[in-house]
Amino acid sequence: MPSDKKKQSAPKGHQARITDTILRDSHQSLLATRMRTEDMLPAAKMLDKVGYWSLEVWGGATFDACLRFLKEDPWERLKKLRKAIPNTRLQMLLRGQNLVGYKHYSDDVVKKFVERAAKNGIDVFRIFDALNDLRNLEVAIRAAKETKAIVEATICYTTSPVHTHEGFVEKAKKLVNMGADTICVKDMAGLLTPWAAYDLVGKLKANIDVPIHIHSHGTSGLASMSYMKAIEAGASIIDTAISSLAAGTSQPPTESMVAALRDTPYDTGLDLSLLDEIADHFREVRKKYKQFESEHTAINTKILVSQIPGGMISNLANQLKEQNALDKMGDVLEEIPRVRKEMGYPPLVTPSSQVVGTQATLNVLMGERYKVITSETRSYFKNMYGSPPGEIDEKIRKLAIGDEKPITCRPADLLEPELDKLTRELSSKTKSVEDILTYALFPVVALEFFEQREAGTLEPEPLELPEEAGGEPHGGVMHLAPSEFNITVHGESHNIKVAGAGHKVEGKRPFFIMVDNCLEEVVVESLTEVLPTTAGEIERASIAESSRPKARKEGDVTTPMPGKVMSIKVTEGQNVSDGDVVLTVEAMKMENEVHTPISGVVKKILVKIGDTVNPDETLIEVEPV
Ligand code: MN
């Protein structure tokens, strides 16, 4: 890294500088964050030669996706990229107090995470909070300052009756006072129009002295026009992606912006033929991940009406598909603005987009609004994410949290330091600080990862193989793990995973099967009816796994949907009242509360954290008193 990187952070004159998102947001937006390190490294040398202001390479969803799907250690990826790209600033996206996860972490975890990220190679921290609650940025900004990295404090751009450009400028002024070296306008949904960009950047420039960096998405087709107007108004840096993984829900193409600005006072000075070579590499890479491209990654101007970000729409589509309710998409898209209004108009970005999206989905699927309320929604109404931008609907707040008073302090003020405790918990498994941080962020996924790493069985989720490259012939079966295999039907390969089995009713048993990561339920006498020859073996394995008794009695606690146990809130012998939360299950990527149906005593707990559970099983027995 150049030692004078601070001095270089302010571009000279009018020259526009570029951050390329090819290694982070671009594949997060187009390929479900699935690009593997092995496909990044061959381009590293070329990328390092370009002369970018920075390369966005880490953070956002990449950390989670590395562990969960690619079975890669995200810290190792960072180290490798740092080594392969020594001369260009490496940038990460940090969700303020949420780091790269979905909830608030204690201050000591935040500080340590930022310190280790810088140590392993990050030069620029782009730090945001979904609610633009600046208190949630304080600790991360201070920690990043201490590392001497560039602090890019961020405003999440959105439109609503409570958001104004003047309001954004006030936030930006405060962020500069907090130590921001640059200010990013993060338009995660591609809502920023050219003239709004011109107005907002102009107002920012009139009030603050630091470089303005614009981040947008091509979702609505407006982003490159907005970039031009933002640059005209004085923005210094824009986010683009190499053309072969650009446009649509990704960033505008780097090469097009470079060409558009050529021979103007804003000329980026970048070499189009070098960029072209890089594009060739990623054009080939893109083919490998074809299976992760959804129909929702192209330009879709619906967002100009619905205001719902593209990434959120594809997530919703997956959630609804998992629940077998894709036909309810229209209803959910209508419900989202209602829920958003009731929540005081949060910008729709992780994690608020998931909170709003999942609650809206449940409001539709349950046939009654707020009949089921997620624990995230309850936390939101308790102000546990921070203070909402606008006024909350008090009637809904009452439904969610009753007479409980929402908090008024910074949410993380309520969290005890946890690093020491986590270090002790993990002491037999690792000594590395990075591992402990990984565990702090994603405990269940991390433990599974560490175990597989120890056993040497880390295996990334499979990719569809082109037939000539060794794919199986028609109807062929390729084995991966006892309960997982690839099957090729009519030349198309699918990943099948038996997630679990329920209990037999009238000779038939429900099996929960993941087909290409979407959950399907089949009720059959035997799996051999629907799956090929090896089904018998898989069937025995999954029945054996689901050894919990079928729920029969009133007090048998069950989960409404298949998922993984995240936390157990009670102990055996404890008294509980009807409706108390007894455990939480991760399904649809959210933590869902499971309640006891009756009052009584917890007689037996039949699950442990990390267990995969199915709807008809008894998870906890509660006995009436
Ligand atoms: Mn983005």
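Counting starts at 1 for both ligands and their atoms, following the listed order.
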* **D25, N/O/S atom nearest the Mn ion (ligand 1)** => OD2

* Asked: Does the ring center of H215 lie less than 6.0 Å from the ring center of H217?
  -> yes

* Is any NZ, NE, NH1 or NH2 atom of the basic residue among D181 and K145 found under 4.0 Å from an Asp or Glu carboxylate oxygen of the other? -> yes

* Would you check if there is a donor-acceptor pair between the side chains of S250 and S29 at a distance under 3.5 Å? => no

* Which atom, among the N/O/S set of H215, is closest to the Mn ion (ligand 1)? -> NE2

* If you measure from the Lys or Arg side-chain nitrogens to the Asp or Glu carboxylate oxygens, is any gap between E38 and K288 under 4.0 Å? -> yes

* Asked: Relative to the Mn ion (ligand 1), which of the N, O or S atoms in H217 is the closest?
  -> NE2

